[in-house]
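Counting starts at 1 for both ligands and their atoms, in listed order. Just so you know, these numbers use all the heavy atoms, side chains as well, and skip hydrogens, waters and symmetry mates.
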Amino acid sequence: MADIKILPQTIVNKIAAGEVIERPASVIKELVENSIDAGALRIEMQLEDSGKKLIRVSDNGAGMEREDVELAFHSHATSKLKEAEDIFSIDTLGFRGEALPSIGSVSQARILSRPKGALTGSEITIEGGNLHKIKEKGAPEGTQVDVHNLFYNIPVRRKFLKSTQTEMAHISEMVIRFALAYPNIHFSTLHNGKNVSLFPSARNARERIETIFGNEMCKELISINSEEPELSIFGYVLPPTYTRPNSKMQYVFLNGRFIRDSTLHHAINNAYRNLLMSKRSPIVFLFLHVDSSEVDVNVHPTKREVRFRNAGIIHDQIYSAINSALKQTQSQYQPSLQTANQDTYSKLETSHGKREESVMESMSDFFSNSLERKIDSQAGLYEKGQKNEYVSQPLEKFIPSGNILLTSFLQIHNSYIVEETDQGLNIIDQHALHEIILYHEICDHIKNSKLVTQNLLIPELIELTPADYVAIMDLKDMLNRLGLEIEEFGKNTIAIRTHPQILKNLNYGDLVQSLLKEINNSEVRPNTDDVLSKVVNILACKGAVKSGQKLNSQEIQALLDKKKKSSMTNFCPHGRPTILEFKISDLEKQFKRK
Ligand code: ADP
Ligand code: MG
C-alpha cells in the first residue's frame, strides 16, 4: 500500500503562505513589491484594524491584461521569469509567482486592474484558495489588490496576530524600508481612515531620510561613496555619537531590496569598532548595487537574506568605505558635534527657559519640603539582577584618569563592593548606593534649576495599550518638567523626545513600564507630588548601575568618591540599607582575639 500522496495545490499554497505570509506587514511587503515591479510611482495603502480586516494596496503601475488577472492567483504564475536561466539574474523584486496564490489561500482577496490605455478593467476574487470567475469591471489605470480577513481560515494563525499597535509598528517599519529604497515613489498609508504616513515623491535618498527621520538627523549624515567593478556603495552613515540599542536602524538595501546579512552587518560594526559604547549599534543607510548575476536572492522565502558570490570582497569594501568616511570626518565632527550639542542645549534653554524657570520654582519648594519624606520604603520598584548594559554617565564623568588608587576595595559577585576603612570594612550594595546618589543628584538639579535636558536624536517610540497610553499622557506635563518630553505619536504610541542630561542611556521602555506599574498599583489617583517623587525614584533606579554588573576599578573608585562627598547615602530611596559596616573591633571579638 503506497502512503505517499501528492498534496492538492490549495494545501501546497497554504503551506507556502506559512513561510511567506506571517502577518499583515508581510502582505504589504508582497503587494508593494508587485507594485514597484509594475513601475508604479504612486502606491497607496489602506488598512483597517491594522490590516487584520483589510489591506488594500493601489498603484498606478502598468496594470494587468484580463488573461494575466486570471492567472495571477495561480501558483508559480509570474511574468518575471521567462527562461530558467533568468533565476540567476533577477532584476525584479518578485519572481517566484508565489505571493498572490499564498495570500489568496489564507484570505478573501480581490484583484482589480486595468492596463494603461485599456478601455476597461478586470476583477477576480479568491476565497481561501477558491478562485471565482473573472469579471469585466471599470477601474482606474493600475492595480488594486484587496486582502480581507487575513488567516480567516487558519484560526491558529489569526490568534497569533499581535495587538493593533504591534502590527501597525511592523507595517510602518515595512513602509519605511520601501520609502528609503525608492525615494521617487509616493507612498501613503491610511489606517481606519486616518492618515498614518505620507512620503511624497522625493528627489533623492537624503531628502527621503529627512522626511522620515527629521532634519536634525539629516544634518549629521556622512556620505558614503565607493565604486568597484563588483559592487557600488552609496549612502549615509551617522557619526559614532549617534547609536541605537539594536541594529534596527541599519538599513541596508541590495539592488533595491532591504536585506539583513551577517557579513554586511559584521563589516558595518567592524568599521565602528572602538568608536561605540559596547552593545550599541550604529545607524546606517546603505544602498548597494551588484550585478544581479553576482548575488543569489533565492535563498530565503521572503528574500531577506541573500548569498553573494564573493562575500569577502564585498565585506572588505563596505568596511573600508565606512571606515575611511568616519576617519575623514572624525576630526571635523568631533568638535563641531560638541558645538552642535551645545547649541541644542542653549536653544532648549532659551526656548523653554521661561516656562521651566517658574515650574522649577514650585518644584524646588516641593523638593526641599519633601526630600526626607521621600526616603521611605516603596516596595515593588527595585528589580534585582535586571540587565542593563550601560554604566551610567554620571559615574563615567567622575572617573579620575590616571589616578593611583589609594583605598583598597574589591567587587564581589559583581554586586557588592568591599571597601577597607580606617576602623574596619564596608560592604556596599553597588546598585543601592548609586541609586541614592543619583536620587540626590536629580533632586539637587531640580532644586537649583540646573536640570538640563538633551534632545534625543531619534525620538524613542513606545507603543502602549490604550489604557496605559491615557495614563502616561496624563503625566505628560509632569514628565516634561523632569526632562522627559513626551508627545503623542499616532494612536497609542508615545514619542520620547528628550532626556535629563544627567541620565543617559536610559532604557525608556523599561522606565515607562515601571512608571505604569506604579500608577496602576496605586488605588486612588496619585497626586502630582507622589508621582513626581516616584518618577525621580524610578529615574534613579533605572539610571543606576545594576546588581550583577561588573565594574572596573575606576568606576568603583568614582562611586566611592561620590559616597564620600554626599551625606544621606546610608539608605536607598526604598529605605533599604546601602552599606553594612564592620568594625575591626567587632571582628576581633568574633575571632575571640579579645
Ligand atoms: P511574482 O511577483 O513573484 O511574479 P506574484 O504572485 O507576486 O508573483 O504576482 C504574480 C504576477 O502578477 C506578477 O508576476 C505580475 O505579472 C502580476 N502582478 C501582481 N501584482 C501586480 C501589480 N500590482 N501590477 C501589475 N502586475 C502585477
Ligand atoms: Mg510578487
> Does Ser113 have a non-hydrogen atom less than 4.0 Å from ligand 1?
Replying inline: no
> For Arg208 and Tyr182, which heavy atoms make the closest approach, and how far apart are they?
Replying inline: NH1-O, 3.2 Å
> Does Val57 approach ligand 1 within less than 4.0 angstrom via side chain, backbone, both or neither, non-hydrogen atoms only?
Replying inline: neither
> Is ligand 1 less than 4.0 angstrom away from at least one heavy atom of Asp68?
Replying inline: no
>> I'd like to know whether the aromatic ring centres of Phe187 and Phe199 sit less than 6.0 Å apart in this structure.
In response: no
> Is it the side chain, the backbone, both or neither of Thr143 that has a heavy atom closer than 4.0 Å to ligand 1?
Replying inline: side chain
> Just one of Lys29, Arg23, Lys162 clears the side chain to side chain donor-acceptor pair (under 3.5 Å) bar with His170, so which one?
Replying inline: Arg23
> Hey, is ligand 1 close enough to Leu100 that some N/O pair sits below 3.5 Å?
Replying inline: yes
> So do Ile126 and Arg110 actually touch side chain to side chain, heavy atoms under 4.5 Å?
Replying inline: no
>> Could you check whether Arg177 pairs with Glu173 (Lys NZ or Arg NE/NH1/NH2 to Asp/Glu carboxylate O, under 4.0 Å)?
In response: yes
>> Applying a heavy-atom cut-off of 4.0 Å, say which part of Ala62 lies close to ligand 1: side chain, backbone, both or neither.
In response: neither
> Relative to atom 17 (C) of ligand 1, which among Glu33, Met64, Gln144 owns the nearest non-hydrogen atom?
Replying inline: Met64
> Applying the ring pair (Phe, Tyr, Trp, His ring centres under 6.0 Å) test to Phe234, which of Phe285, Phe253, Phe287 qualifies?
Replying inline: Phe287
>> For ligand 1 and Asp37, I'd like to know whether there is a polar contact (N/O to N/O, distance under 3.5 Å).
In response: no
> Using a distance-only test with no angle check, is there a side-chain donor-acceptor pair under 3.5 angstrom linking Ser281 and Ser247?
Replying inline: no
> What atoms of ligand 1 come within less than 4.0 Å of a heavy atom belonging to Pro101?
Replying inline: 6 (O)
> For ligand 1, does Ala38 get within less than 4.0 Å through its side chain, its backbone, both, or neither, judged by non-hydrogen atoms?
Replying inline: side chain
